[in-house]
Number of protein chains: 2
Amino acid sequence: MPYDTAGLEILGTEECLSLLAQAPIGRIVFTDRALPAIQLVNFVLDDGEVIIRTGEGSKLAAAARNAIVAFEADDYDPVTRTGWSVVLVGASRVVTNAAELARLRTLPLEPWAPGPRDDFIRIRAGLLSGRRIRRGDPAS
Amino acid sequence: MPYDTAGLEILGTEECLSLLAQAPIGRIVFTDRALPAIQLVNFVLDDGEVIIRTGEGSKLAAAARNAIVAFEADDYDPVTRTGWSVVLVGASRVVTNAAELARLRTLPLEPWAPGPRDDFIRIRAGLLSGRRIRRGDPAS
């Protein structure tokens, strides 16, 4: 297994995508009025890109209009102190093409929050990286 | 309960701090070479500020030197589709005062990752906000 300088196992692209595909929830990182912002969202992967639903006119929809954002998903066990985290950094856009919107509406992506969520945001995986801490990693 | 325009319950400052105090893991959001970055970290609260340990000379230690960062912790249940998220935005700094360092080393903050983690980062809670989705929230 390859490790980074911090002693964490480096995950390959396929494993990153496989972990993302199983995660129900992630966090989108964007800029809001020049300040760092982060929002918990449910999502699906579509052709290796992250798809999020949000309310039309929401802060998130405005921020994700042709921006560079990060997206993170993780899972961890505080008892064994093990876990993984996958981060994707890439260009986000609000989907406006009618045919693409119709297809995205058929994806298994039901908003958790109440109220309409009719805007779809796509995040392209420009950079994809993942790390894991296992029990008994090298320097531990 | 107060709700935001997205239909999520707005958490008060005391509840945000109480949830943060119970969370074993959070995510620090910073800027790395002009790109948004996010890193999973364990942490403790000290006097309402977030304390993180990191390796001396790490990317995180460099990024957190007098920057404005965000910090997020959350918990959710994918079955009931309920959860909460607390976000703190504020100034971060690497602690250099010897007396403060000595005190921080006594906090219950053991690194999960292997290897030395001797730099302490403090994040002041300039802005603190939290949201919760419960079963049966108003518009659902």
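Side chains included, hydrogens not; waters and symmetry mates left out as well; all remaining heavy atoms used. Throughout, protein chains are lettered first and strands after them, A, B, ... in sequence-line order, and every chain is numbered starting at 1.
For B/Ile38, the parts lying near chain A are the backbone and the side chain together; criterion is any non-hydrogen pair under 4.5 Å. B/Arg131 does not touch chain A: none of its heavy atoms, backbone or side chain, sits under 4.5 Å away. For chain B, the nearby part of A/Leu35 is the side chain; its heavy atoms alone come within less than 4.5 Å. Using a 4.5 Å cut-off between heavy atoms, A/Glu110 touches chain B through backbone and side chain atoms alike. Of the atoms belonging to A/Pro24, it is side-chain heavy atoms, and not backbone ones, that fall under 4.5 Å from chain B. Heavy atoms of B/Asp32 lying under 4.5 Å from chain A are absent altogether. With a 4.5 Å cut-off on non-hydrogen atoms, A/Val87 touches chain B through its side chain but not through its backbone. Interface remark: B/Val89 contributes side-chain atoms only to the contact with chain A (heavy atom separation under 4.5 Å). In this structure, no portion of B/Thr5 lies under 4.5 Å from any heavy atom of chain A. For B/Pro116, no part lies under 4.5 angstrom from a heavy atom of chain A. Neither the backbone nor the side chain of A/Thr54 comes within less than 4.5 Å of any heavy atom in chain B.
The choice from B/Thr31, B/Thr82, B/Ile25 that makes the most heavy-atom pairs within less than 4.5 Å of chain A is B/Ile25. For chain A, the option among B/Ser85, B/Pro78, B/Gly55 with the highest count of heavy-atom pairs below 4.5 Å is B/Pro78.
A 4.5 Å side-chain heavy-atom check between B/Glu72 and A/Leu40 finds at least one atom pair inside the cut-off. Looking only at side-chain heavy atoms (C-beta outward), B/Ile68 and A/Pro36 come within less than 4.5 Å of each other.
Considering CG of B/Leu8 and CH2 of A/Trp112, their distance stands at 12.0 Å, rounded to 0.5 Å. In this structure, CD1 in B/Ile133 is found 8.0 Å from CG in A/Asn42, a value given to the nearest 0.5 Å. For the atom pair CG of B/Asp74 and CD of A/Gln39, the computed distance is 12.0 Å after rounding to the nearest 0.5 Å.
Residues A/Phe43 and A/Leu60 are members of one and the same hydrophobic cluster, defined by side-chain heavy-atom contacts under 4.5 angstrom among Ile, Leu, Val, Met, Phe, Trp and Tyr. Residues A/Leu45 and A/Val69 share a hydrophobic cluster, clusters being chains of Ile/Leu/Val/Met/Phe/Trp/Tyr side chains in contact below 4.5 Å. No path of Ile, Leu, Val, Met, Phe, Trp and Tyr side chains, each step under 4.5 Å between heavy atoms, connects A/Leu101 with A/Ile121, placing them in separate hydrophobic clusters. Tracing side-chain contacts under 4.5 Å through hydrophobic residues (I, L, V, M, F, W, Y), one reaches B/Val94 starting from B/Val41; they form part of the same cluster. Under the 4.5 Å side-chain heavy-atom criterion for ILVMFWY residues, no single connected hydrophobic cluster contains both A/Val44 and A/Leu20.
Annotation for B/Arg124: atom CZ does not count as buried by contact number, only 12 or fewer foreign heavy atoms lying within 6.0 Å.
Here the shortest heavy-atom pairing between B/Ala6 and A/Ala113 reads O-CB, 4.3 Å. When all heavy atoms are compared, the tightest approach of A/Tyr76 to B/Arg27 is CE2-NH2, 3.9 Å.
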